[in-house]
Amino acid sequence: NKVITKRGAIPIKDVELGDFVLNKDNKYHEVINLMNREYSGELYDINVMGIEVNGITPNHKFNIVRFNRKKSNRVICNQYEILEVPVSEIQLTDFVLYQTQTNISKESIHIDSGRNKNQNPFDIKIDADFVKFVACFIAEGHTRGKRVTCFTFHIDKDDDLVKFIAHYCKTVLNFNYSIIEIPDKKTKKVEIFSSQLSKFMNSFCGHTAKNKFINLDVIGCDDNILMKTLLSCDGYTKNNKYHIYTTISEKLAMQLLHISIKLGYNTSIKTVEEHIDKTGQKHQLRYNVCISESQKRGLYTKKVKEGICLKVKSISKDRMQPLFITR
């Protein structure tokens, strides 16, 4: 099982002293003690809208929302109670109160000085444009030789994003850049020449696709623009209502899941294992974040004044041999 920490969603067994873990009060708290104990007995698995939690002891408690229902069994949205119950008492008609990650965004972010004398430190305002710039880098950016920040877009579909990056670079960053068209590959590149920026982007968003993440400093500033830009770059949309975002970064997938659920979408993650397709091409393990705007999402996702709650899809239990459980 994984817990949300400031360094991403990590297995509970990998939590270390000094980590900051997201608690039920939606704040990060430092881990000051670790322990484990031997356990033998029943363990539960619970699936909440594609979010699986496995190996739960019967007395482990969840915050659930239990709605009153009409004779037709339809939920009465404004009549409910919030209960803290052990997993052994959760019912398939219950909803789990989903813990969304809330951040108070900073007003600006500091960029350290670069190698050259003229690369002085400066601050960038955290606004909608900065969020969009960061999202473009997460989806389509990389650094080359620690000196160049590169964005690769589709030559036609993403022309507005190319213009946006160029304009942001000219008016905010004040760095030299070039735009390169590669017609045979149907791509257009924007290259920004600054070791100062490359160092910052690698640190702020992660170096290489497998390590990309959404920095906590931009979460909560403009999550709609953040999600829509990511989907525009690296997403697939069907019927304007169903979106799939594909990434090989597990941390990024979990963060997008959190953000989209917080925005009220019906969202789940599907893991596609490493495989070789019919053409012989090898594919890495990847994560598909499935985001639905269907009108039926109300069957599975409810919004109450205390937050978002998600439908319990399945509960199962098994009896295990003695094992160690980490807390």
Side-chain angles (χ1 to χ4, degrees), residues 106-215 217-219 221-222 224-237 245-249 251-252 255-256 284 286:
K106 298 178 181 178
E107 292 185 359
S108 62
I109 194 75
H110 184 75
I111 295 185
D112 293 330
S113 57
R115 297 178 180 179
N116 299 333
K117 293 181 179 180
N118 62 340
Q119 294 181 330
N120 297 318
F122 64 97
D123 293 335
I124 293 182
K125 182 181 179 182
I126 299 179
D127 56 11
D129 283 347
F130 178 75
V131 171
K132 189 174 182 179
F133 181 83
V134 167
C136 285
F137 180 83
I138 291 171
E140 303 290 5
H142 68 280
T143 59
R144 188 179 72 238
K146 298 182 180 181
R147 293 181 178 276
V148 183
T149 302
C150 306
F151 298 81
T152 304
F153 298 104
H154 189 276
I155 198 167
D156 298 318
K157 180 178 74 71
D158 298 328
D159 190 55
D160 286 345
L161 291 177
V162 172
K163 292 177 181 177
F164 165 76
I165 295 296
H167 183 264
Y168 191 80
C169 186
K170 182 188 299 183
T171 60
V172 178
L173 298 176
N174 295 316
F175 291 137
N176 294 325
Y177 70 93
S178 66
I179 299 176
I180 305 169
E181 289 192 19
I182 310 175
D184 56 331
K185 292 186 178 181
K186 296 183 178 180
T187 59
K188 187 178 287 188
K189 288 186 176 183
V190 182
E191 297 186 344
I192 304 174
F193 307 104
S194 168
S195 59
Q196 188 178 13
L197 180 65
S198 296
K199 179 181 177 181
F200 169 75
M201 298 308 294
N202 282 342
S203 173
F204 195 76
C205 304
H207 182 54
T208 74
K210 193 172 183 178
N211 299 309
K212 289 287 183 66
F213 64 94
I214 302 170
N215 196 288
D217 286 337
V218 300
I219 295 177
C221 176
D222 201 321
N224 265 310
I225 285 182
L226 177 64
M227 189 180 78
K228 287 179 179 179
T229 304
L230 288 173
L231 289 174
S232 175
C233 293
D234 259 354
Y236 163 76
T237 299
Y245 184 83
T246 301
T247 177
I248 62 173
S249 168
K251 182 175 181 179
L252 176 57
Q255 288 182 309
L256 186 56
Q284 298 184 64
R286 66 180 187 270

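One-based numbering along the sequence shown.
You'll find the side chain of M227 reaches within 4.5 Å of the side chain of L256, heavy atoms only. Contact of the C150 side chain with the V190 side chain is not registered, since no non-hydrogen atoms from C-beta on lie closer than 4.5 Å. For the pair F204/D217, a side-chain contact is recorded, criterion being any heavy-atom separation below 4.5 Å from C-beta on. Between F151 and T149 the shortest side-chain heavy-atom distance falls below 4.5 Å. Side-chain contact between K186 and D156 is absent, with no heavy atoms from C-beta onward closer than 4.5 Å. Side-chain contact between H142 and M201 is absent, with no heavy-atom pair separated by less than 4.5 Å. Counting only heavy atoms from C-beta outward, the side chains of L197 and L173 approach each other to under 4.5 Å. With contacts defined as side-chain heavy-atom distances shorter than 4.5 Å, the pair E140/L161 does not qualify.
Around the NZ atom of K199, the shell of radius 6.0 Å holds no more than 12 heavy atoms that belong to other residues, nucleotides or ligands. Within a 6.0 Å sphere centred on NZ of K170, other residues, nucleotides and ligands contribute 12 heavy atoms or fewer. Summarising the local packing, CG of N176 is surrounded by 12 or fewer heavy atoms from other residues, nucleotides or ligands at distances under 6.0 Å.
From H154, atom NE2 reaches atom CG of D159 across 11.0 Å, with rounding to the nearest 0.5 Å. Once rounded to the nearest 0.5 Å, the distance linking CD1 of I192 with SG of C169 reads 4.0 Å. One finds the OG atom of S232 at 12.0 Å from the CD1 atom of I225 (value rounded to the nearest 0.5 Å). Considering OG1 of T229 and CG of L231, their distance stands at 9.0 Å, rounded to 0.5 Å. Distance CD1/I219 to CG/N215: 8.0 Å, rounded to 0.5 Å.
Across all non-hydrogen atoms, the minimal contact from P183 to I155 is CA-CD1, 4.3 Å. Residues G206 and F137 come closest through the heavy atom pair O-CE2, 4.2 Å. Across every non-hydrogen atom of R147 and S198, the tightest pair is C-OG, 3.4 Å. Between I214 and Q255 the shortest heavy-atom distance is N-OE1, 2.6 Å. The minimum heavy-atom distance linking N211 with F213 is given by the pair O-CD2, 3.4 Å. Counting all heavy atoms, side chain and backbone alike, K212 lies closest to I138 at NZ-O, 3.2 Å.
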Take D158 and C233, measure what side-chain contact (heavy atoms from CB on, under 4.5 Å) needs, and give me the verdict at the end. CA-CA 8 Å; D158 298 328; C233 293; 5.8 Å; no
Step by step, would you call F193 with S178 a side-chain contact (heavy atoms from CB on, under 4.5 Å)? CA-CA 8 Å; F193 307 104; S178 66; 3.5 Å; yes
Step by step, would you call I179 with K188 a side-chain contact (heavy atoms from CB on, under 4.5 Å)? CA-CA 7 Å; I179 299 176; K188 187 178 287 188; 3.7 Å; yes
Between I109 and F130, is the side-chain contact (heavy atoms from CB on, under 4.5 Å) condition met? List the steps. CA-CA 10 Å; I109 194 75; F130 178 75; 3.8 Å; yes
Evaluate salt bridge (Lys or Arg N to Asp or Glu O under 4.0 Å) for E181 paired with K189, printing each intermediate quantity in order. CA-CA 6 Å; E181 289 192 19; K189 288 186 176 183; over 6 Å; no
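Remark: side-chain polar atoms of T171 are paired, donor with acceptor, to backbone N or O of H167 under 3.5 angstrom. In this structure a side-chain-to-backbone donor-acceptor pair under 3.5 Å is missing from K125 to V172. Here the side chain of Q196 pairs a donor or acceptor atom with the backbone of N120 at under 3.5 angstrom. Between the side chain of D234 and the main chain of L230, no donor-acceptor pair closer than 3.5 Å is present.
A donor and an acceptor atom, one from each side chain of T187 and T152, are nowhere located under 3.5 Å apart.
Ring orientation note: the planes of F175 and F122 are nearly perpendicular, at an angle over 60° on the 30°/60° scale.
Proximity of the aromatic rings of F153 and F164 is defined here by a centroid distance below 6.0 angstrom, and this criterion is not met.
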